[in-house]
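By convention in this document, chain letters (A, B, ...) are assigned in the order of the sequence lines, proteins followed by strands, and residues within each chain are numbered from 1. Worth knowing before you read on, the calculation uses all heavy atoms, side chains too, and leaves out hydrogens, waters and symmetry mates. The shown structure was predicted, so the numbers you read here are calculated from the model rather than taken from an experiment.
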Amino acid sequence: MNEEMSYMLEKKPEKLFRDDGKRLSGRDLFELRPIKMKVGILENADGSAFIEWGKNKIIVAVYGPREIHPKHMAIPTQARLRCRYNMAAFSTSERKKPGPDRRSIELSKVIREALVPALLLEKFPKTVIDVFIEVLESEGGTRVASITAASLALADSGLPMKDLVTAVAAGKIDGKIVLDLDSAEDMYGEADLPIAIMPRRKEITLIQMDGKMTPQELRLALGKAIEACQQIYEMQKRALLERYKI
Amino acid sequence: MNEEMSYMLEKKPEKLFRDDGKRLSGRDLFELRPIKMKVGILENADGSAFIEWGKNKIIVAVYGPREIHPKHMAIPTQARLRCRYNMAAFSTSERKKPGPDRRSIELSKVIREALVPALLLEKFPKTVIDVFIEVLESEGGTRVASITAASLALADSGLPMKDLVTAVAAGKIDGKIVLDLDSAEDMYGEADLPIAIMPRRKEITLIQMDGKMTPQELRLALGKAIEACQQIYEMQKRALLERYKI
Amino acid sequence: MNEEMSYMLEKKPEKLFRDDGKRLSGRDLFELRPIKMKVGILENADGSAFIEWGKNKIIVAVYGPREIHPKHMAIPTQARLRCRYNMAAFSTSERKKPGPDRRSIELSKVIREALVPALLLEKFPKTVIDVFIEVLESEGGTRVASITAASLALADSGLPMKDLVTAVAAGKIDGKIVLDLDSAEDMYGEADLPIAIMPRRKEITLIQMDGKMTPQELRLALGKAIEACQQIYEMQKRALLERYKI
Amino acid sequence: MSGIAATLQKVYIRNLAEKNKRIDGRKLNQYRNLEITPNFISKAEGSAMVQLGKTKVLVGVKLDLGEPFKDTPDKGVLITNAELVPLASPEFEPGPPDENSVELARFVDRGIRESEAINLSKLVVKEGETVWIVFIDIHVLDHDGNLIDASAYGAITALLTAKMPKAVINEEKIEVIDEWAPLPIERVPIPVTVGKIGDKLLIDPNLEEENVLDAKICITFEEEGNICAIQKVMGLFTEREIEEAISLAEKKSKKIREEILEITKGGDE
Amino acid sequence: MSGIAATLQKVYIRNLAEKNKRIDGRKLNQYRNLEITPNFISKAEGSAMVQLGKTKVLVGVKLDLGEPFKDTPDKGVLITNAELVPLASPEFEPGPPDENSVELARFVDRGIRESEAINLSKLVVKEGETVWIVFIDIHVLDHDGNLIDASAYGAITALLTAKMPKAVINEEKIEVIDEWAPLPIERVPIPVTVGKIGDKLLIDPNLEEENVLDAKICITFEEEGNICAIQKVMGLFTEREIEEAISLAEKKSKKIREEILEITKGGDE
Amino acid sequence: MSGIAATLQKVYIRNLAEKNKRIDGRKLNQYRNLEITPNFISKAEGSAMVQLGKTKVLVGVKLDLGEPFKDTPDKGVLITNAELVPLASPEFEPGPPDENSVELARFVDRGIRESEAINLSKLVVKEGETVWIVFIDIHVLDHDGNLIDASAYGAITALLTAKMPKAVINEEKIEVIDEWAPLPIERVPIPVTVGKIGDKLLIDPNLEEENVLDAKICITFEEEGNICAIQKVMGLFTEREIEEAISLAEKKSKKIREEILEITKGGDE
């Protein structure tokens with residue numbers, strides 16, 4: 001319970017904005033942290049990607065479609081998508097005990113649910129597609145960074161996709177809607193709203209919220225997040241091109 | 001170890017009988033707590049029953065005969081009967097950590113062994129019949145209440161049975177043989193003797209004892225318990241009729 | 001971590017040699033503890049052996065070749081050898097919690113790797129051969145005693161073998177190379193070098209080291225250990241003969 | 001049900017939805033019959049048996065003294081757990097909580113936590129050392145769809161009707177005395193689950209509907225009109241559909257809050 | 001053995017029973033050869049190797065200082081554990097204790113606990129804070145039937161021969177000093193297992209017999225003639241059969257208690 | 001790869017070895033390209049990303065305050081753990097550490113522990129009560145053979161570049177203050193893995209070679225020339241081969257130690 005909290009024990013800042021109206025990190029309301037993506041960085045995996053998003057460092061591998069064990073897990077009409085979100089022991093301020101906890105079990109599910117709509121699972125009946133996510137360093141927003149990288153790894157693996165999936169968090173801190181919360185903003189802010197879309201048709205494949213927002217604030221936050229996704233989508237496409245450029 | 005004890009930390013009473021010779025609950029030596037039974041209370045299960053026995057509240061579901069996984073668990077000549085006795089976290093004075101402990105593993109086995117003789121398992125080779133017991137509230141005597149309810153759920157599921165199984169505990173408190181111990185009597189009494197029978201032929205399918213009894217006391221206690229089972233058997237039959245009455 | 005250490009909390013002796021140059025146990029540098037072996041001591045197992053080596057008491061059972069579950073564990077071209085090194089709760093100074101720990105997982109693997117070269121696993125494709133090792137009492141050197149007994153149990157089971165496997169530990173205490181360290185020598189000495197060989201061709205199937213040795217010391221220790229193995233090999237052969245003597 | 005029968009039913013339910021109809025005769029924005037029985041378990045400090053149509057969930061609240069989290073020494077602790085016991089559905093298996101029960105527990109927990117439904121500051125016995133731990137245990141008994149809403153209604157009802165004993169510090173020792181007060185509950189977060197079939201949204205899907213949904217989302221409101229938790233559980237939504245779902249959920253959450261307050265008020269008398 | 005061979009053996013054993021005979025030539029009320037070697041393990045405070053026919057069980061008793069249970073601050077703690085290690089039988093699998101080993105451990109534990117064999121009040125070092133914990137660990141080595149009796153005889157022998165060091169409080173610190181005394185064992189509970197084939201009762205079934213038994217019950221007696229534990233392990237009995245089993249067990253338990261007291265007396269000299 | 005293709009490759013690699021050649025063109029005593037990036041993870045007190053050919057391993061060092069072991073009250077604690085996460089190879093499966101990851105972690109740990117690389121005596125904050133615990137976590141990212149060497153190089157690099165905050169005792173309370181110093185690293189243990197194919201020894205086998213090795217051994221040297229850890233991982237060796245392997249490993253370990261010291265020196269500036 002409250003596992004996220006225990007990762008960060010720094011003191012609560014008095015406020016989350018500076019006198020010049022910028023956020024403590026110097027960012028504007030809707031400014032993202034620096035993002036770097038690299039596709040195809042692993043030898044063994046069928047597809048892979050690495051993302052640096054602020055201080056978040058996440059690596060994703062895709063294996064499959066491949067045979068599933070035990071066999072009764074196979075779905076006759078489509079591939080099973082499995083997702084495993086895992087944090088390295090050294091990825092957090094306090095060492096994280098290895099192995100799944102309740103938070104990572106939930107995140108594995110919501111990430112899978114965010115990716116499923118982009119895939120044509122019915123093309124590979126009875127098989128499994130595994131998405132392995134390793135969070136090497138975390139600093140707020142690992143789930144959206146994971147989804148963004150995972151969709152690159154899926155594309156890199158050559159699986160047919162309806163679109164990439166692109167994700168970002170909006171949120172509310174000191175009463176204002178902002179984008180892309182870092183750890184402190186996530187912890188001491190009022191609300192966190194991670195979303196993922198398939199940018200081409202702006203379909204929302206992830207939306208979660210915790211905190212407090214009025215429906216009006218939510219509408220604004222959602223709109224801003226969808227806009228930002230377009231920007232991240234461009235980076236994703238560039239990263240894919242980079243991979244196949246000679 | 002001593003798991004039962006840790007559920008109840010009230011102080012030991014000076015004696016377990018009142019001055020008028022009645023038990024602390026006001027009951028006579030061989031008087032049972034109030035018992036209510038209801039058959040067929042769940043939608044999904046193939047058979048179900050709910051029992052209130054004193055403050056004990058127990059719900060039982062039966063699923064099967066159905067396919068068994070993994071397949072090598074199948075018995076070629078008969079159905080496998082599986083039993084799972086589980087206590088809800090809120091069923092005890094101190095919150096019980098979810099999941100099986102040594103006590104519930106043993107009880108699952110003895111309850112299964114108490115039910116097996118009533119079933120015609122050889123009629124359903126290679127299948128499994130699952131009996132799931134959820135103790136929602138406990139106050140002494142959950143195993144006998146569970147067996148009594150489980151045999152109703154089995155009957156409700158339509159499985160052919162040689163007879164119902166009916167159970168009650170006898171015991172010894174402050175030197176006297178009594179029936180149907182409550183928590184305090186179980187804890188501070190000298191002996192507990194849960195038994196189950198198939199009432200038609202008075203065959204004993206459960207007998208356990210802890211505490212101290214002479215063989216003579218045991219004979220008396222056993223006889224009284226078998227008598228009481230006839231009374232409970234009538235309630236079981238009424239509960240079954242109730243279920244199918246229009 | 002450091003699990004071995006926690007088994008023994010006696011105080012560190014000032015030195016590990018007496019004034020007369022003998023070890024604290026009265027042994028000479030290359031003198032082994034008393035060793036007794038008995039083959040075929042279990043009814044159910046296909047092969048079994050019991051070894052007393054100093055105060056170490058170890059019993060080994062072999063089952064197989066037999067069917068493997070789950071079936072996808074089967075190797076098409078050979079038998080799978082499984083090894084389980086397990087310490088009884090009462091085998092150590094402080095009670096050992098039952099179940100595998102990291103040390104026993106590693107030992108199970110190194111013991112298996114020490115035995116594999118002696119077996120003709122390709123003769124029994126798709127099956128499993130199980131070697132179960134129960135350490136009933138431990139006092140330094142359980143892995144070499146286990147290997148020595150396990151190869152007897154394998155032979156007793158009638159499996160074709162290239163040779164027996166014979167094991168002993170060399171080590172370094174107070175600067176001197178010795179053989180067959182007991183607990184105190186293992187704990188307070190400078191190095192421990194367990195080895196196993198197939199004596200006929202002097203092939204080394206186990207070599208591990210922890211501590212500090214120069215390459216020259218290692219050469220001496222290894223040579224002495226190989227010599228000692230010849231002596232133990234003779235005991236093994238006698239124990240096997242004893243088994244089949246009328 | 002599987003194979004052709006399942007496919008036929010899927011088609012049937014989808015066709016009904018197109019005509020704004022549902023398999024059990026409800027309107028798209030209609031909840032199933034909701035019955036809540038508080039104080040079902042006398043050994044629990046709070047409890048509620050919830051029947052939502054044929055879905056049955058029992059929730060218990062237990063209190064225990066324990067240590068606060070290091071980073072919140074001035075607050076009590078809330079722990080929410082859900083057991084999808086195999087009694088409740090042929091699909092549930094014994095074993096440690098799987099992703100569905102973890103998601104269920106965590107989403108119910110978030111609604112209560114983020115709305116600050118429990119004033120955790122009032123659960124401190126000795127700052128930094130001893131606080132009350134509130135355990136919410138969700139025990140699903142019969143699964144006919146929409147477990148999240150049923151569980152959340154059970155949880156808030158159990159909290160609203162729970163009794164807390166007094167803990168006093170007596171010569172450095174903590175004693176629990178036999179004086180009981182309600183838990184400090186300050187808000188009543190109410191989730192409403194919205195399903196999507198084709199381009200239709202419907203609330204409170206039953207199990208047959210859940211099996212054919214294109215998407216599902218849960219939205220939790222508190223009384224001031226704030227959203228305090230959202231979880232898209234499966235599928236995809238357009239921005240417009242999200243807004244529509246929010247507005248559907250907002251209306252319904254008010255009615256259900258009223259029902260629960262009515263029930264729990266009654267329970268106090 | 002399986003299939004037809006098993007069926008034939010079953011018929012054979014049942015036919016023998018009808019004629020009051022057994023597959024290994026014993027009478028119905030005859031125990032197998034029982035050999036008990038105390039002090040088998042020098043690292044354990046107490047231990048016993050038990051051979052009952054071809055069944056072999058090793059039991060060790062270890063002592064450790066620890067906290068008492070909250071509800072019994074004035075008593076030491078008894079913990080009994082059984083390992084059915086896969087070395088002992090092709091039927092046993094590695095892993096955490098299954099229902100058979102749990103039942104075995106708990107039944108042996110109950111006999112010792114309910115007879116008050118160990119005077120737990122004498123195991124207190126500092127009331128409410130530090131007591132001796134007695135661990136009884138049952139390690140089954142070869143399974144040829146009747147593990148419960150063999151284990152219980154090993155446990156009580158190990159207890160009777162165990163040595164306990166002295167623990168003293170020295171300036172608020174607890175020190176264990178090198179003075180040894182026997183454990184405070186005040187009673188010798190002895191279980192006897194009775195099997196039923198058709199309408200015949202027999203004691204100490206071996207594994208071949210266990211595989212064809214119609215029912216099995218274990219009854220533990222203490223010296224004063226009290227029964228202190230019963231466990232019907234499988235099958236069903238009539239009331240008359242229970243009484244017959246009790247009287248069979250009572251007689252045999254006395255003889256075995258004598259044997260064990262003889263052995264452990266010898267061990268002290 | 002399996003079946004005939006695997007067999008053909010096996011033959012091919014073995015034939016090459018006979019001619020002192022290797023599948024990737026290396027000489028028998030030649031290491032693959034080694035790149036080490038220290039301080040890869042800013043949240044860890046120390047870290048190193050290691051690329052050994054195509055093998056990638058990330059190692060992090062974290063520090064925490066805790067209790068010393070009872071038998072070493074005057075020493076800090078070292079805990080080494082390895083995760084063979086399924087991202088790194090189609091052969092790895094999720095779940096608790098298996099024998100390969102346990103062997104990996106324990107062998108890396110032994111090299112560091114036995115060489116006394118960390119002066120654990122300098123990690124004591126309050127003797128017998130509070131010491132620094134050094135966690136070395138090995139996270140394998142891409143498995144192309146020789147995980148032990150890559151992991152060990154990552155571990156020692158992470159230790160050499162790790163920063164330790166100061167812990168002071170202030171009125172009986174322990175405070176961690178924002179003054180950082182290097183960990184007290186006093187030796188640089190370097191393992192070298194030697195494989196055997198037929199009668200040829202080669203170092204740093206890649207995955208294709210590992211799959212056809214007849215035997216494999218890892219030998220760890222410290223700078224004074226002492227061997228501080230050996231592990232035969234599989235197969236068998238003659239006495240002469242062991243000696244040859246030691247001499248191969250000794251030479252190579254010196255060169256690698258120089259490389260690592262060069263890298264970590266650079267990192268400090």
For A245(E) and I217(E) the tightest heavy-atom approach is CB-CG2, 4.1 Å
Judged by atom type as modelled, is there a donor-acceptor pair below 3.5 Å linking the side chain of D98(E) to the main-chain atoms of S101(E)?
yes
Leading residue by heavy atom contact count with chain B [cutoff under 4.5 Å; candidates E224(E), E222(E), E116(E)]
E222(E)
Validate the cation-pi geometry between K62(E) and F135(E): distance from NZ or CZ to the six-membered ring centre under 6.0 Å, angle to the ring axis within 45°.
no
Donor-acceptor pair between R143(B) and Y85(B) side chains, under 3.5 angstrom:
no
Between chain E and each of P215(B), P194(B), P100(B), count heavy-atom pairs under 4.5 Å; write down the option with the most.
P215(B)
Where does A114(B) contact chain E at under 4.5 Å (heavy atoms): side chain, backbone, both or neither?
backbone
Heavy-atom distances under 4.5 Å only: say whether E243(E) touches chain B with side chain, backbone, both or neither.
side chain
So, the part of V110(B) with a heavy atom under 4.5 Å from chain E: the answer is side chain
Tell me, for R112(B) versus chain E, whether the close heavy atoms (under 4.5 Å) come from the side chain, the backbone, both or neither.
side chain
With the side chain counted from C-beta on, respond yes when T148(B) and Q236(B) share a heavy-atom pair under 4.5 Å apart, and no when they do not.
yes
Ranking C218(E), S115(E), S247(E), A215(E) by heavy-atom pairs under 4.5 Å to chain B gives rank one to S115(E)
Please classify the contact between I207(B) and chain E as side chain, backbone, both or neither, with a heavy-atom cut-off of under 4.5 Å.
both
Which one, G111(E), G235(E), G225(E), leads in non-hydrogen pairs under 4.5 Å with chain B?
G235(E)
Measuring from E209(E):CD to N211(E):CG, what's the distance to the nearest 0.5 Å?
10.0 Å
Measure distances from I226(B) to the heavy atoms of chain E and classify the residue's part below 4.5 Å as side chain, backbone, both or neither.
side chain
Applying a strict 4.5 Å limit to non-hydrogen atoms, the region of I219(E) in contact with chain B is neither
With a 4.5 angstrom heavy-atom cut-off, is it the side chain or the backbone of F221(E) that approaches chain B, or both, or neither?
side chain
Is there a side-chain contact (heavy atoms from CB on, under 4.5 Å) between I136(E) and N81(E) once you walk through the steps?
CA-CA 6 Å; I136(E) 300 178; N81(E) 183 57; over 6 Å; no
Is the closest side-chain heavy-atom distance between I230(E) and Q208(B) below 4.5 Å?
no
So which of D210(B), D192(B), T205(B) has the largest heavy-atom pair count under 4.5 angstrom toward chain E?
D210(B)
Indicate yes or no: at least one non-hydrogen side-chain atom of K202(B) is less than 4.5 angstrom from one of T238(E).
no
Bottom line for E241(E): the part with an atom under 4.5 Å from chain B's heavy atoms is neither
Which bit of I227(E) is near chain B, if near means a heavy-atom gap under 4.5 Å: side chain, backbone, both or neither?
both
Has K196(E) got its NZ or CZ under 6.0 Å from the middle of the six-membered ring of F237(E), at an angle within 45 degrees of the ring axis?
yes
